[in-house]
Amino acid sequence: MANNNPVDRLLCPIKGQLIFVMILACLGSMLTIVPLAGIAYIAKLLMGGIGTTAIFSQTDLQTEIWWVAGVSLAGLIIGVLLVAMSELLAHLADNQITHDLRLSVMQRLTKVPLGWFTNRASGDVKQAMQDDIGSLHELTAHYYTTRGRCYGVISLSAIYLFVMDWRMAIVSLIPFPCFYLIFGAAKKAISEDRMKGFMSGQALINNAIAEFISGIPVVKTFAASGKAHKGYHEAVDGFLQGFLNFTRPLVAPLANANAVIAPIAVLGMVLIFGTLFVSLDWIVPIDVLPFILVAPGISSPLMLLSFSTHSLTHATAAADRLQALLDSPVLTQPAEGKSRHIVDNRICINNLSYAYDDQNTVLSNINLTLAPNTVTAIVGASGSGKSTLARLILRFFDPTEGSIALGGVDLRDIETTELYRRIGFVLQEVRLIHASLHDNIALGRPSATRHEIEDAARAANIHQRIMDLPKGYDSIIGEDISLSGGEQQRVSIARAILLDPPILVLDEATASTDSENEVVIQESLLRFSQGRTVLIIAHKLDTVMTADQIIVLENGEISEQGKHESLLAMKGRYAQLWTLGNYQEHPLEAF
Ligand SMILES: Nc1ncnc2c1ncn2[C@@H]1O[C@H](COP(=O)(O)OP(=O)(O)OP(=O)(O)O)[C@@H](O)[C@H]1O
């Protein structure tokens with residue numbers, strides 16, 4: 001049966017190494033017990049135990065003591081070396097898996113549909129790439145060696161004590177099962193409801209903090225009313241209550257459990273029962289020494305064992321998220337060569353429907369052709385599905401029903417690189433990278449000359465703004481310059497223009513631009529779109545009134561379709577939107 005444990009699946013490539021480091025750590029820590037046993041043995045020799053005076057001459061006794069001391073020292077040195085080696089190998093294994101995981105996540109991210117990113121905050125990806133891989137470090141680099149060391153110390157100590165005297169071993173080890181009894185009872189006291197309350201409180205507070213930080217300007221504006229902080233306060237109070245419910249039943253039992261196995265408590269047990277057994281003549285006083293030396297040393301590895309389960313819980317949650325990321329569905333890539341059948345730059349949308357989830361169909365039964373050399377505009381109320389349609393043409397997602405063909409070939413049969421070589425796009429949400437303005441514009445064509453980049457920037461009406469900067473095109477975004485939303489859009493328009501694609505999709509490409517710049521950009525886009533297949537999504541109807549066809553979307557369906565004049569004459573939804581927008585006829589400024 002396949003192993004579905006996310007930790008096991010993620011750590012599978014280094015499982016062998018982890019088992020090996022665990023065994024090394026176990027052996028190493030066992031050897032560190034040898035000096036304690038050696039000390040006890042030497043003490044017994046010196047005190048005349050084991051009938052030594054009878055069998056050892058003075059010289060033999062000295063030789064025996066040197067031997068034992070030598071073996072003890074060797075045990076200690078080899079033990080420490082083995083433990084150190086296990087730590088080193090665990091960190092090497094961790095480096096390997098971290099490196100491989102980062103690469104796998106990156107590779108996966110390059111294969112997921114672009115629409116995947118619209119559904120996820122970049123914070124999620126950052127959490128997986130940085131925080132979750134960091135949590136796995138606890139597991140790979142430390143958990144297995146810690147467990148190995150603990151098992152080694154506990155098992156060899158117990159065996160050694162039983163070999164020394166089984167009765168003393170039993171009474172010396174009694175505190176340790178007691179620890180688990182008390183600790184186990186405490187864990188049972190935390191019902192699933194309490195655990196859920198604590199976890200959901202934690203999630204609520206995380207969201208509240210994120211909202212609080214992102215909304216600080218608003219919070220400050222409304223702080224006088226005191227209401228703005230309410231959500232945050234409620235989340236904090238809720239978390240506190242959940243935290244108290246969760247921890248209250250734990251505090252006392254945990255303190256008791258820890259007290260029971262504290263080294264001093266174990267030593268107390270050893271001394272009390274040692275005295276008793278000596279008075280009963282079951283053992284001689286020197287027989288208590290191994291228990292004094294070794295039994296208290298079991299406490300800390302036992303505590304470490306119980307705490308190390310925390311890192312396992314943490315790592316399991318992290319592994320879950322990472323595995324989900326690695327299992328994200330990828331965009332199916334067609335067999336090579338199908339793109340060769342693309343005959344022109346015509347886009348045909350056939351009976352297309354799309355739903356983001358099972359319940360809500362966002363687009364239904366769309367039939368539309370975007371012919372080469374024409375500009376098609378999509379208008380409609382907010383939420384009518386305009387951006388979704390644009391994203392489907394860009395293959396951010398595949399249609400739920402129906403198909404989109406480019407030059408007679410289904411988009412699903414066109415390799416991604418070929419698709420984006422043919423279709424350029426400028427979307428509402430602009431993404432610029434932390435690099436120079438030159439590199440940002442040349443992102444899709446790194447071989448472009450400075451002259452070509454400047455021409456593209458001129459067409460997007462951003463050239464002069466860039467030239468006014470002290471470092472010009474070499475200004476690093478985010479370091480040398482902070483661009484406004486409109487300026488960012490103009491940089492991304494320059495980027496699309498430089499790519500020179502035969503098909504262009506513009507989704508509110510000038511939405512953040514002021515009216516003056518908008519007119520200039522619309523004019524340059526108009527020049528640029530000549531001879532291409534262009535799809536424009538616009539909120540402002542007057543910016544697309546000269547489009548070859550205007551599509552009116554209503555609740556995910558095409559309600560009207562035609563040229564500006566014929567749509568106005570229909571006196572339908574378009575005419576209504578035109579009247580509501582109080583637009584003026586000024587065709588020169590439009591497409
Ligand atoms: N990633 C998504 N996941 C789920 N639903 C979505 C997603 N993106 C959009 N929607 C929903 O799909 C519907 C259409 O959204 P879309 O963004 O396509 O509309 P729009 O006409 O472009 O709106 P606007 O003009 O405001 O940008 C809306 O109801 C929206 O809530």
Side-chain angles (χ1 to χ4, degrees), residues 109 112-125 207 210 324-325 328-331 347 349 351-368 370 375-404 411 423 425-431 485-486 488-489 492-493 504-513 518 522 534-545 547 549-561 567 572-574 576-578 580-583 590-591:
L109 291 185
V112 296
L114 285 180
W116 184 91
F117 294 95
T118 62
N119 289 335
R120 279 162 189 82
S122 54
D124 286 4
V125 179
N207 289 339
L325 195 64
S328 304
V330 297
L331 207 58
I347 293 197
I349 303 173
N351 298 323
L352 176 140
S353 296
Y354 185 73
Y356 283 100
D357 50 48
D358 296 339
Q359 280 119 39
N360 304 311
T361 301
V362 173
L363 290 171
S364 335
N365 205 24
I366 305 284
N367 286 290
L368 181 64
L370 314 182
V375 175
T376 302
I378 301 186
V379 299
S382 182
S384 54
K386 304 183 295 290
S387 297
T388 306
L389 186 57
R391 286 177 189 154
L392 284 162
I393 292 172
L394 298 169
R395 211 183 167 205
F396 274 34
F397 334 95
D398 285 331
T400 317
E401 277 174 41
S403 64
I404 303 176
L411 290 191
I423 308 188
F425 55 91
V426 182
L427 302 182
Q428 275 169 302
E429 60 281 0
V430 176
R431 298 274 157 86
Q488 291 185 31
Q489 263 184 331
S492 66
I493 290 170
L504 187 64
V505 174
L506 304 167
D507 184 356
E508 308 212 13
T510 54
S512 319
T513 310
E518 189 174 23
Q522 294 286 20
V534 178
L535 177 77
I536 303 161
I537 290 168
H539 259 142
K540 293 185 195 156
L541 266 50
D542 59 347
T543 60
V544 291
M545 53 190 280
Q549 62 170 343
I550 299 172
I551 310 293
V552 184
L553 270 189
E554 257 188 291
N555 300 321
E557 291 185 29
I558 296 179
S559 63
E560 290 167 22
Q561 181 169 2
L567 287 173
R573 178 73 178 140
Y574 181 81
Q576 191 189 9
L577 289 172
W578 183 266
L580 282 175
N582 217 3
Y583 296 110
F591 275 91

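Both ligands and their constituent atoms are indexed starting at 1 by order of listing. Just so you know, these numbers come straight off a predicted model, no measurement behind them. Hydrogens, waters and symmetry mates are skipped; everything else that's a heavy atom, side chains included, is used.
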Check: Are side-chain heavy atoms of Leu553 and Ile558 found at a separation under 4.5 Å?
Finding: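 Yes. Closest side-chain heavy atoms under 4.5 Å.
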Notebook entry, point to check: Are the side chains of Ile366 and Ile551 in touch, meaning some heavy atoms are under 4.5 Å apart?
Noted result: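 Heavy-atom side-chain distance check fails, nothing below 4.5 Å.
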Item checked: Residue selection (non-hydrogen contact nearest atom 24 (P) of ligand 1) among Gly556, Ser382, Gly380 ->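 The residue whose heavy atom sits nearest atom 24 (P) of ligand 1 is Ser382.
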Note to self: As a check for students: among Phe396, Tyr354, Tyr356, identify the option with a heavy atom nearest to atom 3 (N) of ligand 1.
What the structure shows: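 Comparing heavy atoms across Phe396, Tyr354, Tyr356, the nearest one to atom 3 (N) of ligand 1 lies in Tyr356.
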Notebook entry, point to check: Can you tell me if CG on Asn555 sees more than 12 non-hydrogen neighbours from other groups inside 6.0 Å?
Noted result: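 Counting other residues, nucleotides and ligands, CG of Asn555 stays at 12 neighbours or fewer.
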Note to self: Below the 3.5 angstrom mark, is there an N/O of Val362, backbone or side chain, next to an N/O of ligand 1?
What the structure shows: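 Between Val362 and ligand 1 (N or O atoms, distance only) the closest approach is not under 3.5 Å.
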For [X], counting its heavy atoms only, list the atoms of ligand 1 lying under 4.0 Å from any of them.
| X | answer |
| --- | --- |
| Thr388 | 14 (C), 15 (O), 16 (P), 18 (O) |
| His539 | 25 (O) |
| Ser384 | 19 (O), 21 (O) |

Notebook entry, point to check: Does any N or O in the side chain of Thr376 come within less than 3.5 Å of the main-chain N or O of Gln549, such that one atom is a donor and the other an acceptor?
Noted result: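 Side chain of Thr376 to backbone of Gln549, a donor-acceptor pair under 3.5 Å: no, none is there.
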Check: Taking the side chain from Asp542 and the backbone from Met545, do they hold a donor-acceptor pair closer than 3.5 Å?
Finding: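 Judged by distance alone, no pair lies under 3.5 Å.
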Note to self: Just to check, does Ala381 reach to within less than 4.0 Å of ligand 1 when the distance is taken from its heavy atoms?
What the structure shows: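 So Ala381 counts as touching ligand 1.
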Next item on the list: Please work out whether the ring planes of Phe396 and Phe425 are parallel, tilted or perpendicular, with thresholds of 30° and 60°.
Entry: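 It falls in the perpendicular class, over 60°.
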